[in-house]
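One structure is given below, encoded as structure tokens.
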Amino acid sequence: MIHARITGTGSYLPERILTNQDLEKMVETSDTWIRERTGIEQRHIAEKGQLTSDLAEPAARRALEAAGKIPSDVDLLIVATTTPDRVFPSTACLLQQKLGIHGSPAFDIQAVCTGFVYALSVAEKFIKTGAARCALVIGAETLSRIVNWQDRGTCVLFADGAGAVVLEASEEPGIISTHIHADGAYESLLTTVKPGPDVDLDKLADGTAFIEMRGNEVFKIAVNTLGRIVDETVDAAGMTYADIDWLVPHQANIRIIQATSRKLDLPMERVVVTVNKHGNTSAASVPLALDTAVRDGRIKRGDTILLEAFGGGFTWGSALIRF
Ligand code: UT7
């Protein structure tokens, strides 16, 4: 049986840092409120002209280097993003060109904050069926472009970044299982401005499609849904919570992360937290957190890792991994 194994991770954050103190000068908020309600201290913001594929490229190159691969080894390229460079070509095609890869399938996946988990799930199937042997799977975002910088309820949360993994065919188990879900009935709780009689469509075409969120409702559903998917994942593998070495959660809010850690009975020392430094980077958040903990030596080969995410749609998903 062919398994799909992560053989390298990489990430990239734009240089510019926006602190809570900076935000205090932009909207009516405070460092104390942001820290206490979200856990965020700072976030990275792309420079003018720096697009999602520009963040994805260094993350991808770092993952390839860690896996001992070169771009021409890649036979599948998937980018999960909510903020593509253009409507088309896909960000995956634009990245493929930057990396000098020719001929492999390359496409984007749009599942908002669950995008990376969706992309991993799709790539895993390509590898396990023999349709690909070396996949580059990336989550990359420039969310700062769709944030309403006058809305204190959302502008303190979202940020930019990219994370990548190389997934290869292997005789040893890697990805044990992935679980992905969606329910469009919740589309209005976390969305972008919808076209309608009061909305200037020309402005939307300029990229003025702002994030709108009913934060408190999203929060409660996220906590419950993530609690359920954790059970689904562990049960499917015939494991118990005690078998999990590391939780690598979507980095939306420290209080949501703490709720999942309590549910798993996993001390926070076994949970990878980057929300304080990265904010919510949507599809980039899980691979960014994974790469952070791999590179600082916390996550080691052989560890059992649970990835989970929840986002607009609603979409939600998980992956159980033997690293
Ligand atoms: O990644 C995709 C999934 N997204 C999420 O999981 C996000 C889920 N939601 C959340 O993380 C939280 O709901 C927020 C951090 C967005 C908000 O925290 P909350 O504890 O749910 O606050 P709230 O929305 O209930 O608002 C409480 C108060 C309100 O004031 P009043 O009405 O009580 O006077 C807000 O207007 O906090 C106010 N508020 C702020 N105050 C200072 C909202 N944003 C801010 C702010 N600074 N930035």
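All ligand and atom numbering here is 1-based and tracks the order in the structure. Sequence positions, counted from 1, serve as the residue numbers for this chain.
With a 4.0 Å cut-off on non-hydrogen atoms, V27 does not touch ligand 1 at all. Residue contacts with ligand 1, taken as heavy atom pairs separated by less than 4.0 Å, do not involve I34 at all. When non-hydrogen atoms are compared, ligand 1 lies under 4.0 Å from the side chain of T38 (C-beta onward) but not from its backbone.
For the 3.5 Å distance criterion, the side chains of E212 and T191 fail to qualify, holding no donor opposite an acceptor.
What sits closest to atom 4 (N) of ligand 1 on the protein, heavy atoms only, is V218 CG1, 3.8 Å. Of the protein's non-hydrogen atoms, R255 NH2, 3.6 Å is the one closest to atom 18 (O) of ligand 1. Looking only at heavy atoms of the protein, atom 25 (O) of ligand 1 is closest to N216 ND2, 3.2 Å. Of the protein's non-hydrogen atoms, the one nearest atom 38 (C) of ligand 1 is R152 NH2, 3.7 Å. The closest protein non-hydrogen atom to atom 43 (C) of ligand 1 is W33 CZ2, 3.5 Å. With hydrogens left out, the protein atom closest to atom 20 (O) of ligand 1 is R37 NH2, 2.7 Å, a heavy atom.
The aromatic rings of F107 and F126 are tilted relative to each other, their planes meeting at an angle between 30° and 60°.
When the side-chain contact (heavy atoms from CB on, under 4.5 Å) test is applied to E217, the partners found at least two apart in sequence or on another chain are L189, R214.
Residue-to-ligand polar distances place G215 within reach of ligand 1: an N/O pair is separated by less than 3.5 Å. The shortest N or O to N or O distance between N280 and ligand 1 is under 3.5 Å.
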Give every donor-acceptor pair under 3.5 Å between a side-chain atom in residues 70-78 and any protein atom, sequence neighbours left out.
{"unit_1": "D73", "atom_1": "OD2", "unit_2": "I70", "atom_2": "N", "d": "2.9"}
{"unit_1": "D75", "atom_1": "OD1", "unit_2": "R133", "atom_2": "N", "d": "3.1"}
{"unit_1": "D75", "atom_1": "OD1", "unit_2": "C134", "atom_2": "N", "d": "2.9"}
{"unit_1": "D75", "atom_1": "OD2", "unit_2": "R133", "atom_2": "N", "d": "2.8"}

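Selection from N253, I256, D31 by nearest heavy atom to atom 6 (O) of ligand 1 gives I256.
Between D245 and K300 no salt bridge is recorded (no basic side-chain N to carboxylate O distance below 4.0 Å).
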Between K125 and T178, does the side-chain hydrogen bond (donor to acceptor under 3.5 Å, both in side chains) criterion hold? Intermediate values first, please. CA-CA 10 Å; K125 269 94 188 161; T178 58; 3.2 Å; yes
